[in-house]
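Here the structure is a predicted model, which is why all the values come from computation and not from measurement. Numbering starts at 1 and runs along the sequence shown.
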Amino acid sequence: MRFYVRPVLLASLLLAACSEPLTKTEQLAEACFMDQMGTRKMCNCMASAANQRLDPEVFDMFVTMGTHAPDDDSEEMREARETAASMTPAQQQQMQAFMAAAIDLCGLRM
């Protein structure tokens, strides 16, 4: 049985290496699904809503914080935390409206 596992593993690794990288929206949807926040359909809905409703800076922050471990100390996470801490009142309202939409429109459990 070990003989067959290696070719299958090698084939899946090659396929993954040849596939195109995920967009930020796809990364967010995948992280949502892997965190068991909802079904793939719900998570795709939420990620699309985030992309459509949040300004680019807030969307990037949301993607980074949603796809990295909370204890990640990378430069990207430090920048995301800084963005979260310095959001304008308009950006905060935008985020609250998006969260409500993710729950109401997509059925997401946040």
Side-chain angles (χ1 to χ4, degrees):
M1 183 158 241
R2 274 179 103 176
F3 177 76
Y4 295 109
V5 173
R6 286 187 181 177
V8 170
L9 178 62
L10 181 60
S12 63
L13 289 174
L14 287 173
L15 182 61
C18 295
S19 64
E20 293 194 24
L22 297 176
T23 66
K24 289 180 180 182
T25 304
E26 291 167 336
Q27 290 173 21
L28 186 59
E30 187 64 20
C32 165
F33 181 73
M34 296 306 290
D35 285 345
Q36 300 179 347
M37 294 177 68
T39 64
R40 285 209 183 269
K41 183 177 178 180
M42 293 167 149
C43 290
N44 287 335
C45 175
M46 178 278 302
S48 293
N51 190 16
Q52 294 169 2
R53 295 171 182 256
L54 301 175
D55 70 39
E57 182 182 25
V58 176
F59 177 71
D60 286 347
M61 176 268 306
F62 190 67
V63 170
T64 299
M65 295 183 100
T67 58
H68 289 71
D71 61 349
D72 182 343
D73 198 32
S74 66
E75 180 64 27
E76 191 175 16
M77 264 307 263
R78 285 192 294 272
E79 288 176 10
R81 287 186 191 107
E82 186 177 304
T83 298
S86 64
M87 286 194 322
T88 66
Q91 289 172 323
Q92 291 172 4
Q93 185 176 22
Q94 186 183 78
M95 181 61 87
Q96 290 172 344
F98 153 69
M99 296 295 243
I103 293 167
D104 293 342
L105 298 175
C106 303
L108 211 59
R109 302 176 296 271
M110 298 186 112

- If you draw a 6.0 Å radius around CD in Gln93, do more than 12 non-hydrogen atoms from other residues or ligands fall strictly inside? no
### Query
According to a 4.5 Å side-chain heavy-atom criterion applied to Ile, Leu, Val, Met, Phe, Trp and Tyr, with indirect links allowed, do Met95 and Met77 form part of one hydrophobic cluster?
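Yes; Met77 is reachable from Met95 via cluster members.
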- Query: Should Leu28 and Met87 be regarded as members of a common hydrophobic cluster, given that ILVMFWY residues are connected when their side-chain heavy atoms come within less than 4.5 Å of each other, either directly or indirectly?
  - Reply: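 Yes; tracing contacts between hydrophobic side chains, which count when under 4.5 Å, links both residues.
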Sequence neighbours left out, cut at 3.5 Å: what donor-acceptor pairs do the side chains of residues 53-64 make with other protein atoms?
| from | atom 1 | to | atom 2 | distance (Å) |
| --- | --- | --- | --- | --- |
| Asp55 | OD1 | Glu57 | N | 3.2 |
| Asp55 | OD1 | Val58 | N | 2.9 |
| Asp55 | OD2 | Gln91 | NE2 | 3.2 |
| Glu57 | OE1 | Gln91 | NE2 | 3.4 |
| Asp60 | OD1 | Lys24 | NZ | 2.8 |
| Asp60 | OD2 | Lys24 | NZ | 3.4 |
| Thr64 | OG1 | Asp60 | O | 3.0 |

For residues 51-109, the disulfide bond (SG atoms under 2.5 Å apart) pairs (sequence neighbours left out) are Cys45-Cys106
| query | Of all residues at least two apart in sequence or in a different chain, which pass the salt bridge (charged side-chain N to carboxylate O under 4.0 Å, His left out) check with Asp71? | reply |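 Partners of Asp71 by the salt bridge (charged side-chain N to carboxylate O under 4.0 Å, His left out) criterion come out as none, since no residue qualifies.
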request  = Check salt bridge (charged side-chain N to carboxylate O under 4.0 Å, His left out) between Glu82 and all other residues, then give those that pass, not counting sequence neighbours.
outcome  =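 Checked Glu82 against salt bridge (charged side-chain N to carboxylate O under 4.0 Å, His left out); zero matches.
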What heavy-atom pair brings [X] and [Y] nearest, and what distance separates the two atoms?
{"X": "Met65", "Y": "Ala84", "value": "SD-CB, 4.2 Å"}
{"X": "Ala31", "Y": "Gly66", "value": "CB-O, 3.3 Å"}
{"X": "Met46", "Y": "Cys32", "value": "CE-CB, 3.7 Å"}

Straight-line distance of [X] [atom1] to [Y] [atom2], nearest 0.5 Å:
{"X": "Leu108", "Y": "Met37", "atom1": "CG", "atom2": "CE", "value": "4.5 Å"}
{"X": "Cys43", "Y": "Gln36", "atom1": "SG", "atom2": "CD", "value": "10.0 Å"}
{"X": "Glu26", "Y": "Ser48", "atom1": "CD", "atom2": "OG", "value": "9.5 Å"}

* Asked: Just by distance, do the side chain of Asp72 and the backbone of Ser74 share a donor-acceptor pair under 3.5 Å?
  ->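 Yes.
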_Which residues share a side-chain contact (heavy atoms from CB on, under 4.5 Å) with Gln96, sequence neighbours left out_ =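 In terms of side-chain contact (heavy atoms from CB on, under 4.5 Å), with neighbours along the sequence ignored, Gln96 is linked to no residue.
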Mind jotting down which residue pairs meet the salt bridge (charged side-chain N to carboxylate O under 4.0 Å, His left out) criterion with at least one end in residues 37-47? Sequence neighbours excluded, please.
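Listed once each, the pairs are Glu30-Arg40.
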